[in-house]
Amino acid sequence: MASGDGLVVRVRPHAGRLSPAQAAGIAAAARAHGNGLIDLSARGNVQLRGVTEASHPALIADLTQLGLIDRDLAGESRRNITVAPFVRADALATALEEALAEAPDLPGKFGFVLDVGPERWLAGASGDIRIERGAGGGLILRADGLPTGCAVTEAEAAARALEMARWFVAAGGVAQGRGRMAALIARGVLPPEDLRGPVAPAPAMPAPGPGLRAEGALVALAFGQLEAATLAALAGLGHDLRLTPWRMVLVEGAAALPDLPGLVTDPTAPILRVIACTGAPGCPQALAPTRDLARRLAPLVPEGAILHVSGCAKGCALPRPAPLVLTATTTGIRLIRGDIAAGAGRDLTAAQITDDIAAHLTQTRPDLTGTP
């Protein structure tokens, strides 16, 4: 898609994993065909920035050589799968990809979540059809918006997910190319009984911070962005990279945290308490820059609190409510509490921003805390 700094090209890694060769190849392609900046999205995809119409064909050729390009647009659009990073679910992810080749046309934001490890990590990740760990230890298939799901085996999970996708379309879930499962459920339209079931999902785990884990080294990226040189250095460590919906990267099997520019490895780092979109001028819809302001305010954010800075009311960086939000408007910036970026709030002038926000943020109160 077009952006303020050129085309943004999304790449969906299979099963949420990049091999060292793929990561190195993406880094080289970002430098050769873009501006060298790479974003990690909230669905665990990578996005190359600064691509031009002239450089786009060569970029696609390079990504094809890396095994990262689908045969057609429809196949890529259906393959909208977020995979929990702390368990290997490659076989199930592959089975779901193959099943989705037979799926009807689905909305662009319609997605699938595979959260099949012993702990459920992706409760907060965007998704419409979820294959996840149930409270009893087995797998369940659950429509987003329903509190329970039906028990499934790993062998049948992909086929049942396809069945639910077909039901969603047949039930009128798509209008003018758009639609989400939770919205359909909210209208009182429920899947058939054999796709519902009484099994509750396992308890949700909070989003983790960076650090060493049994699975490897989890590193964070300020605002989910890294330079091509940093990705190349991560690839040079020789480990597979798992991309997460928390805008972090898991270096699988690493026994030490990598000491590389652009990585955040301290879970208490203030920069992790702020969320900000690209902002102006990188996004043509943004009404103001965002990240310089977010960096300036980060040291004021109390530990455990979250501040969302959005360049417009769309709130792309965090589409759900946040404890404290700053949304750029045509006249300045709006301070919003406990709502989305389009919520009601109090307008501030540019001169008021720092002093007013500092006064709010230094009040360490329970309503400022939350999980991004």
Side-chain angles (χ1 to χ4, degrees), residues 15-16 42-44 80-93 95-96 99-100 103 106 109-171 173 179-209 213-215 242 244-246 306 318-323 338 366 369-372:
R43 291 195 175 186
N80 195 7
I81 305 170
T82 305
V83 183
F86 303 138
V87 63
R88 282 189 171 266
D90 295 38
L92 181 53
L96 182 56
L100 291 178
L106 295 167
K109 292 186 180 296
F110 193 93
F112 299 78
V113 172
L114 295 185
D115 198 4
V116 299
E119 297 172 312
R120 194 167 65 101
W121 288 99
L122 301 185
S126 177
D128 297 271
I129 296 177
R130 298 174 180 272
I131 301 171
E132 58 193 353
R133 188 64 56 185
L139 295 184
I140 64 170
L141 175 72
R142 182 169 66 90
D144 194 52
L146 289 180
T148 60
C150 62
V152 293
T153 66
E154 183 170 345
E156 68 183 357
R160 299 301 303 280
L162 174 60
E163 185 181 348
M164 184 175 285
R166 286 173 170 161
W167 167 81
F168 171 80
V169 173
R180 300 301 300 270
M181 180 69 77
L184 181 64
I185 298 295
R187 294 190 345 233
V189 183
L190 300 180
E193 289 187 11
D194 65 327
L195 289 176
R196 294 207 301 266
V199 187
M205 300 293 292
R213 302 179 48 88
E215 301 87 359
R242 292 296 303 271
T244 80
W246 313 299
I306 294 297
L318 188 67
R320 61 182 180 275
T369 61
T371 300

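Predicted, not measured: the structure shown is a model, and the values here were computed from it.
Contact detail for Pro201 and Arg142: the closest heavy-atom pair is CG-NE, 4.0 Å. In terms of heavy atoms, Arg180 sits closest to Gly127 at NH2-N, 3.9 Å. Residues Ala99 and Ala158 come closest through the heavy atom pair CB-O, 4.0 Å. Shortest non-hydrogen contact noted between Leu318 and Pro321 is CD2-O, 4.5 Å.
Using modelled atom types, one finds no donor on one side chain facing an acceptor on the other under 3.5 Å when comparing Arg320 with Ser126.
In this structure, Arg130 contributes its side chain and Leu122 its backbone to a donor-acceptor pair below 3.5 Å. Within the 3.5 Å criterion, the main-chain N or O of Met181 finds a donor-acceptor partner in the side chain of Asp128. Side-chain atoms of Arg196 do not come within 3.5 Å of backbone N or O of Leu146 as any donor-acceptor pair. For the pair Thr148 (side chain) and Gly197 (backbone), a donor-acceptor distance under 3.5 Å is present. No side-chain donor-acceptor contact under 3.5 Å links Asp115 to the backbone of Ala84. Checked by atom type and distance alone, the side chain of Arg242 pairs as donor or acceptor with a backbone atom of Val87 at under 3.5 Å.
Atoms CD1 and CG, from Ile185 and Leu190 in turn, are 5.5 Å apart once rounded to the nearest 0.5 Å. From Leu162, atom CG reaches atom CG of Leu100 across 6.5 Å, with rounding to the nearest 0.5 Å.
Side-chain contact check for Val152 versus Ile140: every heavy-atom pair is 4.5 Å or farther apart. Here the side chains of Arg160 and Asp194 are in contact, with some heavy-atom distance below 4.5 Å. Between Pro245 and Trp121, the closest side-chain pair of non-hydrogen atoms is not below 4.5 Å.
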Quiz item: Glu119 and Phe86: side chain to side chain contact (heavy atoms under 4.5 Å, CB included), yes or no, with the steps?
Solution: CA-CA 9 Å; Glu119 297 172 312; Phe86 303 138; over 6 Å; no
Quiz item: Does the pair Glu163 and Leu141 meet the rule for a side chain to side chain contact (heavy atoms under 4.5 Å, CB included), with working shown?
Solution: CA-CA 11 Å; Glu163 185 181 348; Leu141 175 72; over 6 Å; no
Self-check item: Worked check of side chain to side chain contact (heavy atoms under 4.5 Å, CB included) between Val116 and Ile131
Solution: CA-CA 7 Å; Val116 299; Ile131 301 171; 4.0 Å; yes
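Evaluation of the salt bridge (charged side-chain N to carboxylate O under 4.0 Å, His left out) rule for Arg120 yields Glu132 as partners, not counting sequence neighbours. Remark: Phe110 engages Phe112, Phe168 in a ring-ring contact (aromatic ring centres under 6.0 Å, His included) (not counting sequence neighbours).
Considering Val83, Ile129, Ile81 as possible partners of Leu96, the one that fulfils the side chain to side chain contact (heavy atoms under 4.5 Å, CB included) test is Ile81.
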